[in-house]
Protein chains: 2
Amino acid sequence: MGSSSSRLNILETASKLFQVQGYHATGLNQIIKESGSPKGSIYYHFPEGKEQIALEAVEYTGKIVREQLNKTLTASADPVESLQSVVQHLVDHLGHPEDVEGVPIGLIALETCSMSEKLRKACSEAFTSWQRLFADKLIENGFKQDRARELGILLQCTLEGALTVSVTQDNSEPLRILKEQIPLIIKP
Amino acid sequence: MGSSSSRLNILETASKLFQVQGYHATGLNQIIKESGSPKGSIYYHFPEGKEQIALEAVEYTGKIVREQLNKTLTASADPVESLQSVVQHLVDHLGHPEDVEGVPIGLIALETCSMSEKLRKACSEAFTSWQRLFADKLIENGFKQDRARELGILLQCTLEGALTVSVTQDNSEPLRILKEQIPLIIKP
DNA sequence: TAAATTATGACAACCGGTCTATATAATTGT
DNA sequence: ACAATTATATAGACCGGTTGTCATAATTTA
């Protein structure tokens, strides 16, 4: 099959590195060194090179975050409460970039969106899938479909931004403020 | 003196490139080529190399955005209206990355915040200065100081996020949604 | 003119992604 | 069972581009 264990190993390592360091700061040498794989394996498993690895890494991260998000969103029935849990989860993992969860795809998205249409689309679809998760939660709780879609987009954007600023300022305050304002934002 | 015209020229070129492409994707060769300056000038004007250029570029961009922001915010007395103008301004300049205005510092912030404390701090201070501008506008219009500070942070984060997602999705919808929701977000 | 400052382009050391050439394992045919 | 062929896996060489240095030229100042 096309998917050996070493392939997945490379992909997981690459995903973490791309999230934390970004596309250009992450070299193939670093990926193979940290994953313990031999150099030659890269172009065997990913014949199209770095761009292919990044593409699959974005899709992979998109899925991981989707699952984590889904778990947190279904933990409570109340949309406000569960969304606040999502934010709190980000706060908790702020200083631990070794945990993949919570570090966004925003960096690689901004880096590549004006460079590779393939990568741009992959990032865009990850964003959209997260937005849809938020919207669905609101629809379940009686929001009209159009309104839920709007709020899903707004919430995902706001999360992305607050996370960016919190990381940059090395301070969870932006995320904590967002958490407190969620009841105000989620209004039918 | 330390500030010749060629120095400023290099700085302006570098600022644009760092904003659009990011830190690691922008090489010194590209900076000197696009600015028309000779290679040697870089290390004459910026003896500490790339990191120094990036640092000054972030400070420079922070100031430019601050001025543009201030202009737009003072155009209308009503805070909702003027904030919506800020968002509209971003929408208008979405597809024109050649205009510096509107392209954020988010990319270089995410790229460098886990790499250089100096750069992280510079980006952080740019963010803070923008947040303060929003907060001041609200204070002028009767908001309590603490509440205005909260909202200033929230607004700047949300703008950053919506811009990131709009650029990535090549679609101004996230920004347009944010614009419509501003009256809802700005509540005392 | 002499000295000090300002400015410059050629050069070196290095690191990146890519690819080729080769070794090992699996599969197939006879 | 053994040979031939294909598939899998790997190490290292290559080329282009990166940052940074430095000896020297141009310009200003005394």
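In what follows, every heavy atom counts, from backbone to side chain, and hydrogens, waters and symmetry copies are set aside. In what follows, every chain begins at residue 1, and chains take the letters A, B, ... in the order their sequences are listed.
Picking from D:dA11, C:dT18, D:dG20 the nucleotide with the shortest atom distance to the side chain of A:Pro38 gives D:dA11. Taking every side-chain heavy atom of B:Ser41 into account, C:dT8 is the closest of D:dT21, C:dT8, C:dG17. The side chain of A:Tyr44 lies closest to D:dT10 when the candidates are C:dG17, D:dT10, C:dA7.
Taking atom CG on A:Asn9 and atom P on D:dA9, their separation rounds to 13 Å, with Å as the unit. The distance from atom CD1 of B:Ile32 to atom P of D:dG20 is 14 Å, rounded to the nearest whole Å. Rounded to whole Å, atom C1' of C:dT18 lies 14 Å from atom CD1 of A:Ile31. Rounded to whole Å, atom P of C:dC19 lies 12 Å from atom CG of A:Leu28.
A:Lys39 comes within 4.0 angstrom of a nucleotide base, judged by non-hydrogen atoms across all strands. Nucleic acid contact for A:Thr26: sugar-phosphate only, since backbone atoms but no base atoms lie under 4.0 Å from a heavy atom of the residue.
When only modelled atom types and interatomic distance are considered, B:Thr26 and B:Gln21 share a side-chain donor-acceptor pair under 3.5 Å.
Neither OP1 nor OP2 of C:dC19 sits under 4.0 Å from any side-chain N or O of A:Tyr43. Distances shorter than 4.0 Å separate some side-chain N or O of B:Asn29 from OP1 or OP2 on D:dT18.
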